[in-house]
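Notes to accompany the following structure.
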Amino acid sequence: MQHLLFAVVLSEVAVILALSFKTPIRKLLIMSLDRAKRGRGPVVVQTVSATVCVVLVASVYSMMKIQKRWIEEGAMNPTDEVIMSKHLLESTLMGGFLFLGLMIDRLHHYMRELRMRRKTMEVIKKEGSVLEGEKARASDEVKSLKQEITSLQERQKQLVSEIEARTKEIRTEETSGIALQKQSEGFLIEFNRLSEENQDLRNQLHTVDSRISRSSIKKNT
């Protein structure tokens, strides 16, 4: 059993060293540990750990019994010394086995968390670069919209000035139209007056002609 525990402890130390440095072996170990934690792997590990804990407790209990007997007898015989050394070595190896196994489990957990965090950071960086590109495009669009707004404002000012000029022209034309209307009304009044005077003159001429014709008739008779 001691040889097995030595081999297991040395294997765990080698695994910890391999996980501590960035080498191709570390990737293989991480993949192996990932697969080992799937399916029945955790149940097997828990069973082995529980068995080792039970054996460790039994070894510690045996050492306590030997130490108690040594205290009661006042001396330790060679057989008890050998058994005590054997149990002490096995307990040390089993404790080391459990401790190193816990270290491997925690290292694997933290390395997996670190890998996930790195992937998350890469995704965040990609999203940040995409957002920066969208922000740049949005700023360009905002600039183009500002330019369009400025051009539209200038066009609006031009249209307002044109409308004001056209309004002034219309007002001027309306004023001149009113003046022409008044002038035409004056001409119409003057025309009516002249027509009446002409009619009066015609009437007078007709009267004169009538008198002249009458006087000539009288002379002839």
Side-chain angles (χ1 to χ4, degrees), residues 19-39 41-42 105-221:
L19 291 174
S20 300
F21 299 98
K22 189 176 181 180
T23 57
I25 300 175
R26 185 170 71 176
K27 294 182 179 180
L28 295 175
L29 288 174
I30 292 172
M31 292 174 63
S32 301
L33 291 172
D34 289 336
R35 291 180 180 177
K37 288 185 177 181
R38 299 172 186 172
D105 180 68
R106 292 296 89 191
L107 275 173
H108 175 253
H109 174 72
Y110 291 137
M111 291 179 73
R112 186 173 58 186
E113 289 290 329
L114 181 61
R115 185 174 58 185
M116 293 175 64
R117 293 286 177 86
R118 285 178 178 174
K119 290 182 179 179
T120 306
M121 289 297 295
E122 289 178 356
V123 172
I124 292 171
K125 286 180 179 179
K126 290 180 180 178
E127 291 179 353
S129 62
V130 172
L131 289 174
E132 287 179 357
E134 291 180 354
K135 185 178 179 180
R137 288 195 296 272
S139 62
D140 294 335
E141 291 179 357
V142 169
K143 289 180 181 178
S144 62
L145 289 174
K146 285 182 178 179
Q147 291 177 356
E148 290 180 0
I149 290 169
T150 305
S151 62
L152 289 174
Q153 288 177 350
E154 292 178 354
R155 180 61 179 167
Q156 183 181 6
K157 290 178 181 179
Q158 291 177 359
L159 291 174
V160 169
S161 61
E162 289 178 1
I163 290 169
E164 290 177 354
R166 293 289 178 84
T167 305
K168 290 179 180 179
E169 290 178 0
I170 291 168
R171 288 177 181 175
T172 304
E173 290 177 357
E174 286 179 353
T175 305
S176 61
I178 292 169
L180 290 172
Q181 186 178 0
K182 290 180 179 179
Q183 188 176 2
S184 63
E185 289 177 356
F187 288 157
L188 183 60
I189 294 168
E190 184 69 20
F191 177 75
N192 292 330
R193 186 181 63 81
L194 292 173
S195 296
E196 289 176 357
E197 289 180 356
N198 188 16
Q199 188 66 33
D200 292 335
L201 290 173
R202 285 181 178 180
N203 291 331
Q204 289 176 5
L205 288 172
H206 183 68
T207 304
V208 171
D209 289 336
S210 299
R211 287 177 182 178
I212 291 169
S213 61
R214 285 176 185 179
S215 63
S216 62
I217 292 168
K218 286 179 180 182
K219 286 179 181 182
N220 290 326
T221 56

Original post:
Around R106, counting heavy atoms of other residues, nucleotides and ligands shown, do more than 12 lie under 6.0 Å from its CZ?
Top reply: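 Yes.
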**OP:** May I ask you to check whether over 12 heavy atoms, not counting those of I25, lie within 6.0 Å of atom CD1?
**Re:**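 Not buried by this count: 12 neighbours or fewer within 6.0 Å.
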Euclidean distance, [Y] [atom2] relative to [X] [atom1], rounded to 0.5 Å:
| X | Y | atom1 | atom2 | result |
| --- | --- | --- | --- | --- |
| T175 | L180 | OG1 | CG | 11.0 Å |
| L152 | L145 | CG | CG | 10.0 Å |
| S129 | K135 | OG | NZ | 13.5 Å |
| H108 | E113 | NE2 | CD | 10.5 Å |
| I149 | Q156 | CD1 | CD | 12.0 Å |
| D105 | H109 | CG | NE2 | 8.5 Å |

Subject >> Set of residues satisfying salt bridge (Lys or Arg N to Asp or Glu O under 4.0 Å) with respect to R115, sequence neighbours excluded >> reply: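 Expected list: D34.
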Original post:
Which pairs with one or both residues in residues 177-198 pass side chain to side chain donor-acceptor pair (under 3.5 Å), sequence neighbours excluded?
Top reply: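 Counting only pairs at least two positions apart or across chains, the side chain to side chain donor-acceptor pair (under 3.5 Å) contacts touching residues 177-198 are E190-R193, R193-E197.
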Subject >> Sequence neighbours excluded - salt bridge (charged side-chain N to carboxylate O under 4.0 Å, His left out) pairs with any residue from residues 140-159 >> reply: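 Every candidate salt bridge (charged side-chain N to carboxylate O under 4.0 Å, His left out) pair involving residues 140-159 fails, so no pair, neighbours aside, qualifies.
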Run the side-chain contact (heavy atoms from CB on, under 4.5 Å) test against [X] and tell me which residues pass, sequence neighbours left out.
| X | result |
| --- | --- |
| R137 | E134 |
| L19 | V15, R26, L29, I30, L33, I104, L107, M111 |
| T167 | I163, R171 |

